Enquirer: 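There's a structure below that I have some questions on.
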Amino acid sequence: MSQIVRRLGVAPRLRGSATGATCPDLFELADGNFAVIGTDVTDSLDSQLPADAARADYERIVVITRETLIKAKPDIPDA
């Protein structure tokens with residue numbers, strides 16, 4: 001498994017988290033992939049996936065807040 005290289009966006013505490021530790025987050029990994037901490041909504045959204053979308057048994061559908069993604073946008077590479 002790859003290692004976390006950096007956070008994309010700002011820390012949860014800077015987005016208003018009361019604890020500063022348990023909120024959605026995005027990370028870039030050493031292998032160029034991204035890791036996401038979010039709310040697991042697989043059970044409620046799995047049946048709503050479009051016909052041309054699928055997930056493997058080991059994959060989960062997670063939700064992050066709009067603010068989390070917007071704050072990370074400047075850190076997301078274009079290519």
Side-chain angles (χ1 to χ4, degrees):
M1 185 60 65
S2 192
Q3 293 186 342
I4 293 174
V5 173
R6 67 182 179 130
R7 169 182 278 119
L8 301 178
V10 298
R13 64 181 160 67
L14 297 176
R15 293 187 319 245
S17 171
T19 65
T22 57
C23 284
D25 228 329
L26 297 168
F27 300 94
E28 185 172 1
L29 304 178
D31 64 6
N33 288 318
F34 298 92
V36 177
I37 298 173
T39 303
D40 184 350
V41 294
T42 304
D43 292 341
S44 60
L45 292 183
D46 198 41
S47 64
Q48 297 180 44
L49 288 174
D52 61 350
R55 65 170 189 85
D57 288 341
Y58 58 86
E59 295 174 323
R60 308 301 292 166
I61 301 169
V62 299
V63 170
I64 60 172
T65 63
R66 178 180 180 85
E67 180 184 22
T68 300
L69 187 58
I70 289 171
K71 295 278 187 184
K73 186 177 178 182
D75 295 334
I76 298 173
D78 291 329

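One is the number of the first residue; the rest follow in order along the sequence. Computed from a prediction, not measured in an experiment: that's the story for all the values here.
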Enquirer: Are the side chain of T68 and the backbone N or O of D25 linked by a donor-acceptor pair below 3.5 Å?
Expert: no
Enquirer: Between atom CG of L49 and atom CZ of R55, what is the distance when rounded to the nearest 0.5 Å?
Expert: 8.0 Å
Enquirer: Could you tell me the separation between the CD1 atom of I4 and the CG atom of L29, rounded to the nearest 0.5 Å?
Expert: 6.5 Å
Enquirer: What do you reckon, is CZ of R66 surrounded by more than 12 foreign heavy atoms closer than 6.0 Å?
Expert: no
Enquirer: Are side-chain heavy atoms of P12 and R7 found at a separation under 4.5 Å?
Expert: yes
Enquirer: Show me the donor-acceptor pairs within less than 3.5 Å that the side chains of residues 32-41 make with the rest of the protein, sequence neighbours left out.
Expert:
residue: N33; atom: ND2; partner: D31; partner atom: OD1; Å: 3.4
residue: N33; atom: ND2; partner: D31; partner atom: OD2; Å: 3.2
residue: D40; atom: OD1; partner: T42; partner atom: N; Å: 3.0
residue: D40; atom: OD1; partner: T42; partner atom: OG1; Å: 2.7
residue: D40; atom: OD2; partner: R60; partner atom: NE; Å: 3.0
residue: D40; atom: OD2; partner: R60; partner atom: NH2; Å: 3.1

Enquirer: Roughly how far apart are L45 CG and I61 CD1, rounded to 0.5 Å?
Expert: 5.5 Å
Enquirer: Could you tell me the separation between the OG1 atom of T65 and the NZ atom of K71, rounded to the nearest 0.5 Å?
Expert: 10.0 Å
Enquirer: Same cluster or not: are I64 and F27 linked, directly or through other Ile, Leu, Val, Met, Phe, Trp or Tyr residues, by side-chain heavy atoms under 4.5 angstrom apart?
Expert: no
Enquirer: Quick check: are there more than 12 heavy atoms from other residues, nucleotides or ligands sitting under 6.0 Å from CD of Q3?
Expert: no
